[in-house]
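Okay, structure first, notes after.
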Amino acid sequence: MQKIDIEMIPGSAVTPPPIRVGAATIAEAAIAEEMQYHPADSAGTAQLKAARALVVRELLRQRAAALGMDEAASEAIDEADAAIAALLERELEVPEPAEADCRRFHAAHPERFSEPTRLRVRHVLLAAAPDDAPARDAGYRLGETLIRELQAVPERFTEFAQRHSACPSKEQGGELGWLVPGQTVAELDRALQHLPEGLHDRPLASRYGWHVVAIDARVEGRELPYEQVAEHVRHSLREQATRRALRHYLLALEAEIGVEGIALDDEGGSALMQ
């Protein structure tokens, strides 16, 4: 049977053709149950990811069985997982990254091995839902008023946070403490990274409403020398090598055992690299 890549129409859930790994069939019910572990932008994409995950698991289970590594295992998930883990530890060959490769990787990706910029932030959250235009207009106007008042009397920030903020931080006068990238909602996080110290001159938008923001301190990020992050670099390269080795191993098992009804890997290899 010719392999079929079951790419789905975005937003639709289409019943896939029968999927077989060797003599075993992957049941539609199993795919439907597995979908909850593969969130995606459409049901079709989640269905495809779930099917591929089950195919991979079945390939590994069958290889472990062929080597007699699951003789003591039943159908229990924990026992099957233990057999698969032992199989990969035995058969997956992952080269240890060389020192020269680690240093080159560090030099090529300094942003991955740097201390992030840290900001000490206070804010007043003026709550308004994204689809509530009147509330957002009113919130923005109130934010402008508060900023004008704070420009004249900065000491009133705590008062305004306690009176107006919808964030629990109002109990601490709006203090959010030291923040690094990724600790707030994305839209606010992006804006904060570009702000200098001091009271920002206009309200900042987020999905929660408008934020009156003061940056009390800013400590710029810095690149870390290789010696400080050598183990982190080595771990990153080892992880990449493991993913590549696993991809080649699974494709070899696919060719040996046989998979029908689905293309295990896409053309760019991204599916098995996830």
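Checking side-chain atoms of Arg234 against main-chain N and O of Pro97 turns up a donor-acceptor pair under 3.5 Å. With hydrogens and angles ignored, the 3.5 Å screen pairs a side-chain donor or acceptor of Arg136 with a backbone N or O of Ala128. The backbone N or O of Leu224 lies less than 3.5 Å from a partner atom in the side chain of His106, making a donor-acceptor pair. Using a distance-only test at 3.5 Å, with no hydrogens or angles considered, a donor-acceptor pair links the side chain of Arg52 to the main chain of Leu264. Looking only at distances, no side-chain donor or acceptor of Gln62 sits under 3.5 Å from a matching main-chain atom of Ile257. A side-chain donor-acceptor contact under 3.5 Å links Gln183 to the backbone of Val180. Formation of a donor-acceptor pair under 3.5 Å by the Glu187 side chain with backbone atoms of Arg207 is found in this model. Side-chain atoms of Arg218 come within 3.5 Å of backbone atoms of Leu195 as a donor-acceptor pair (strictly under, hydrogens ignored).
Residue pairs that meet the ring-ring contact (aromatic ring centres under 6.0 Å, His included) test with at least one member in residues 133-166, sequence neighbours left out, are Tyr140-Trp210.
Scanning both residues, Leu250 and Leu59, for their nearest heavy atoms gives O-CD1, 4.1 Å. Residues Asp216 and Glu197 come closest through the heavy atom pair O-OE1, 4.1 Å. For the pair Ile19 and Ala51, the tightest heavy-atom approach, listed with the atom from each and the gap, is CD1-CB, 3.9 Å. Listed here is the closest heavy atom pair of Leu87 and Ala64: CD2-N, 4.0 Å. The two residues Pro181 and Thr117 have their closest heavy-atom pair at CD-O, 3.5 Å. Of all non-hydrogen atoms in Ala50 and His38, the two that sit nearest each other are CA-CD2, 3.7 Å.
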Would you please test Ser169 and Glu175 for side-chain contact (heavy atoms from CB on, under 4.5 Å) and show each step? CA-CA 6 Å; Ser169 65; Glu175 288 273 1; 5.9 Å; no
List the steps, then state whether ring pair (Phe, Tyr, Trp, His ring centres under 6.0 Å) holds for Phe113 with His109. CA-CA 7 Å; Phe113 308 103; His109 304 281; 7.6 Å; no
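Other residues, nucleotides and ligands contribute only 12 or fewer heavy atoms inside 6.0 Å of the NE2 atom of His235. Counting non-hydrogen atoms of neighbouring residues, nucleotides and ligands closer than 6.0 angstrom, the OH atom of Tyr226 exceeds 12 such neighbours. Within a 6.0 Å radius of CD in Glu159, other residues, nucleotides and ligands contribute more than 12 heavy atoms. Within 6.0 Å of CD on Glu89 lie no more than 12 heavy atoms contributed by other residues, nucleotides or ligands. Heavy-atom neighbours of Arg202 CZ from other residues, nucleotides or ligands within 6.0 Å: at or below the threshold of 12. Atom CD of Glu93 sits in a sparse spot, with 12 or fewer heavy atoms from other residues, nucleotides or ligands closer than 6.0 Å.
No path of Ile, Leu, Val, Met, Phe, Trp and Tyr side chains, each step under 4.5 Å between heavy atoms, connects Val124 with Val185, placing them in separate hydrophobic clusters. When the side chains of ILVMFWY residues are joined at heavy-atom separations under 4.5 Å, either directly or via intervening members, Leu253 and Met69 end up in a single hydrophobic cluster. Under the 4.5 Å side-chain heavy-atom criterion for Ile, Leu, Val, Met, Phe, Trp and Tyr, Ile147 and Leu176 are members of distinct hydrophobic clusters.
Checked for salt-bridge contact, Glu144 and Arg141 miss the test: no charged N lies under 4.0 Å from a carboxylate O. Ion pair Glu220/Arg222 not flagged as a salt bridge, since none of the NZ, NE, NH1 or NH2 atoms sits closer than 4.0 Å to an Asp/Glu carboxylate oxygen.
Paired with Val121 under the rule side-chain contact (heavy atoms from CB on, under 4.5 Å), one option of Leu188, Val213, Thr184 passes, and it is Val213.
Between Asp101 and Arg104, the closest side-chain pair of non-hydrogen atoms falls below 4.5 Å. Two residues are said to be in side-chain contact when any heavy atoms from C-beta on lie closer than 4.5 Å; Leu199 and Pro154 fail this criterion. The side-chain heavy atoms of Ile215 and Leu192, taken from C-beta on, include a pair separated by under 4.5 Å. Counting heavy atoms from C-beta on, the side chains of Val94 and Leu246 never come closer than 4.5 Å. Looking only at side-chain heavy atoms (C-beta outward), Arg112 and His232 stay at 4.5 Å or farther from each other. Residues Gln240 and Leu237 have side chains in contact (heavy-atom distance under 4.5 Å, counting atoms from C-beta outward).
For the atom pair Ile262 CD1 and Arg20 CZ, the distance stands at 13.5 Å (nearest 0.5 Å). Atom CG of Leu204 and atom CG of Leu125 lie 11.5 Å apart (nearest 0.5 Å). With rounding to the nearest 0.5 Å, the separation of CD1 in Ile31 from CD in Glu34 is 9.5 Å. One finds the CG atom of Leu119 at 5.5 Å from the CD atom of Gln193 (value rounded to the nearest 0.5 Å). Once rounded to the nearest 0.5 Å, the distance linking CD of Gln172 with NZ of Lys170 reads 11.0 Å. A distance of 12.5 Å separates CG of Leu142 from CG of Asp137, quoted to the nearest 0.5 Å.
The aromatic rings of His211 and His123 lie parallel to each other, with less than 30° between the two planes, well short of the 60° mark.
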